Amino acid sequence: MNNTKAIIKKVLVFGISVYLLYILQTALFPYFELGGIVPNLLLILTTFYGFMRNTREGMIAGFFCGLVLDLSTGLLFGVHILALLLIGFMNGAFRKIFYGDDVKLPILFTGVSDLFYGLFMYLFFFVPRGSTHFSYFLMSVMIPEAVYSVIVAFVLYFIYAKIFEKLDRDERKVEHIL
Amino acid sequence: MNHKKGPKIPSNILFLILFTISILFLLVSYVTEFSGGVIGTVSNAVFVPMQSGVETVGSVISSEHKERKTIKELEKENSTLSKKVNSLSNQLNQIQLQKSELTDLQKLYELDQKYSNYKKTGATIIARSSDNWFNTFTINKGSKDGIENDMNVIADGGLVGLVVKTGKHYSVVRAIIDDSSNVSGMSLNTGNTCIISGSLETMTEKNRIKITNLEDKNNAIKSGEPIVTSNISNKFVPGLLIGYVDKVKLDDNEITHSGTLTPAVDFKHLQNVLVIKTKKETAD
């Protein structure tokens, strides 16, 4: 009984997060672009789920965030799913290596994940079209996006640290009863 | 978490399952151009109403944000502006005279006639592409409003892009400045054809896109030359203004020219667009 309640709560928190962040990312942040660059909020969410929770939740979060992104861009369906799935998985794996409650690490890994995402998009869409200016894309798209995402992740981190703490407490309570 | 209750799939297996699903999605969409189907219908019902609301908030906030200036700057501006007002009101009178002349001339202009013959419908942009790699945006009209894939989208009298995906009440437009976009264009004055391709690199750098394969034996095309969509384009209706030539130079093959073009539309501040309901009919 309590167990299903905790799961429902978890799903609800995730659903609302995706909903709000997606709308912010596509409808509000384009007005606050810096040099034509907007942060990637759903990628930050996936990173948090992977790094601050676990591999399993990172993957699931990545899968659904990717699904939402794929539905909004009329491109090859599945590209964002694959990219964010890998990012969720990767961050789950990092978590096992660098375990700790340090603030710096999740935020740092947001940047790393964003660079990975940029590389993935470049390899998938720009290399097949014969693009050779990798250094240009690195300097004016990937790195700025990663930096902007890190800044936004810094703010989001404190919100999600609180939320995840609360979810953990609920889960522990359930385990205690069981 | 619930490891005591029921079997739970190990995360490696889960990864493989999700990985396979995403690869399957990729293959299916590559072969059949599938782009969401039922899930798309559900998601648009959930996201579109909120997006249009937040988009309006965003535009209000950002315009307020730009208005914030110090008093000194404002005073300075005020004095220069009041001087300007005087000279401008003089100019305005002159321009109003010229304007009536211009409308008469425009009626004669063949291009204008072509434009107005196309059936159009207005739409508002409610969301922009979710990351920095693509130049696509979502508009608030879809198949219910008669929008179909491959319809042309214009704004401010220039070509914006092509509808690439339609939902019930929304559609996704790929802008001509997107890196994967290619449009067949021609010079309005000489009729020479060329290919206009979007470019993320030159667009972010200089607000320009690329012209290639321009055949111009007499070197007649100079900067400022208007380029419109050509008759031989298979998705774009002819005669839509794409932009103005910025620079062209002869290629190494000594036959074709290539260079850069300034798009006619200001993509940064785009808010309202027109969708042309007349589709180009091609043999296939």
Side-chain angles (χ1 to χ4, degrees), chain A residues 3 6-7 10 19 22-32 35-38 40 42-43 54-56 59-60 62-63 66-82 85-86 89 92 117-118 121-122 125-126 129 131 133 136-137 140-141 144-145 171 174-175 178, chain B residues 1-2 4-5 8-9 11-12 14-15 18-19 21-30 33-36 39-40 43-44 46-47 50-55 57-59 61-62 65 126-134 136 138 163-165 171-174 179-180 200-201 203-205 268:
Chain A
N3 192 13
I7 291 176
K10 214 156 76 170
Y19 186 72
Y22 172 73
I23 283 167
L24 285 180
Q25 183 173 344
T26 56
L28 192 68
F29 267 96
Y31 286 99
F32 298 97
I37 296 293
V38 286
N40 204 332
L42 290 186
L43 181 136
N54 53 50
T55 317
R56 167 189 303 274
M59 283 190 301
I60 295 172
F63 186 84
L67 187 70
V68 168
L69 289 180
D70 268 333
L71 289 169
S72 73
T73 43
L75 298 151
L76 213 51
F77 193 84
V79 173
H80 289 98
I81 298 180
L82 188 57
L85 175 66
L86 290 176
F89 184 73
Y117 176 83
M121 289 297 151
Y122 181 75
F125 287 102
F126 288 74
R129 256 185 272 125
S131 167
H133 289 207
Y136 171 80
F137 288 105
S140 64
V141 183
E145 185 184 305
E171 277 167 18
V174 172
E175 267 170 24
L178 285 172
Chain B
M1 185 203 92
N2 54 347
K4 282 171 191 164
K5 197 185 143 195
K8 196 177 172 189
I9 321 160
S11 57
N12 285 344
L14 184 70
F15 175 71
L18 294 177
F19 187 77
I21 293 175
S22 62
I23 297 286
L24 273 179
F25 270 142
L26 270 175
L27 288 177
V28 170
S29 91
Y30 188 72
E33 294 191 355
F34 162 83
S35 63
I39 330 166
S43 87
N44 101 70
V46 182
F47 285 115
M50 265 297 266
Q51 273 177 331
S52 41
V54 176
E55 166 81 9
V57 174
S59 67
I61 293 174
S62 83
H65 180 71
I126 51 169
R128 276 148 228 269
S129 54
S130 47
D131 58 32
N132 306 305
W133 294 91
F134 312 108
T136 58
T138 312
V163 175
V164 287
K165 184 173 153 186
S171 22
V172 178
V173 177
R174 190 184 67 207
D179 211 89
S180 64
L200 181 66
E201 189 178 338
M203 196 61 206
T204 35
E205 202 92 307
K268 280 243 163 98

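As the structure is a computational prediction, the values presented were derived from the model and not from experiment. Chain A is the first sequence line, chain B the second, and so forth, proteins listed ahead of strands; every chain is numbered from 1. Hydrogens, waters and symmetry mates are skipped; everything else that's a heavy atom, side chains included, is used.
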Ring centre gap for B:F19 and A:F89 strictly below 6.0 Å: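 No; A:F89 has its ring centre 6.0 Å or more from that of B:F19.
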Residue, of [options], that accumulates the most heavy atom pairs under 4.5 Å with chain B:
options: A:I37, A:L86, A:L43, A:N40; result: A:I37
options: A:Y22, A:F137, A:Y122; result: A:Y22
options: A:P144, A:S140, A:G118; result: A:G118

Tell me if a side-chain donor or acceptor on A:Q25 pairs with a main-chain N or O of A:L42 at a distance below 3.5 Å. yes
Side-chain (A:N54) to main-chain (A:G92) donor-acceptor, under 3.5 angstrom: no
Part of A:F126 within contact of chain B (heavy atom distance under 4.5 Å):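 The side chain, not the backbone.
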After noting the C-alpha distance and the side-chain angles of B:F134 and A:M121, does the key distance pass the side chain to side chain contact (heavy atoms under 4.5 Å, CB included) rule? CA-CA 10 Å; B:F134 312 108; A:M121 289 297 151; 3.9 Å; yes
Please flag which part of B:I23 lies under 4.5 Å from any non-hydrogen atom of chain A: side chain, backbone, both or neither.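 Contact with chain A is through the side chain of B:I23 alone.
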What part of B:I126 is in contact with chain A, defined as an atom under 4.5 angstrom from a non-hydrogen atom: side chain, backbone, both or neither?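 Looking at B:I126, just its backbone touches chain A.
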Go through it in stages, so that I can follow the logic: the residues are B:W133 and A:E145, the test is side chain to side chain contact (heavy atoms under 4.5 Å, CB included), and I'd like the CA-CA distance, side-chain angles, deciding distance and then a yes or no. CA-CA 10 Å; B:W133 294 91; A:E145 185 184 305; 4.0 Å; yes
Under a 4.5 Å heavy-atom cutoff, which of B:L14, B:D179, B:L27 has the most pairs with chain A? B:D179
Select, from B:L200, B:V163, B:T138, the one with the greatest count of heavy-atom pairs under 4.5 Å involving chain A. B:L200
Criterion side-chain contact (heavy atoms from CB on, under 4.5 Å) against A:L82, the qualifying member of B:L18, B:I21, B:L26: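 With A:L82 as partner, B:L18, B:I21, B:L26 yield a single side-chain contact (heavy atoms from CB on, under 4.5 Å), made by B:L26.
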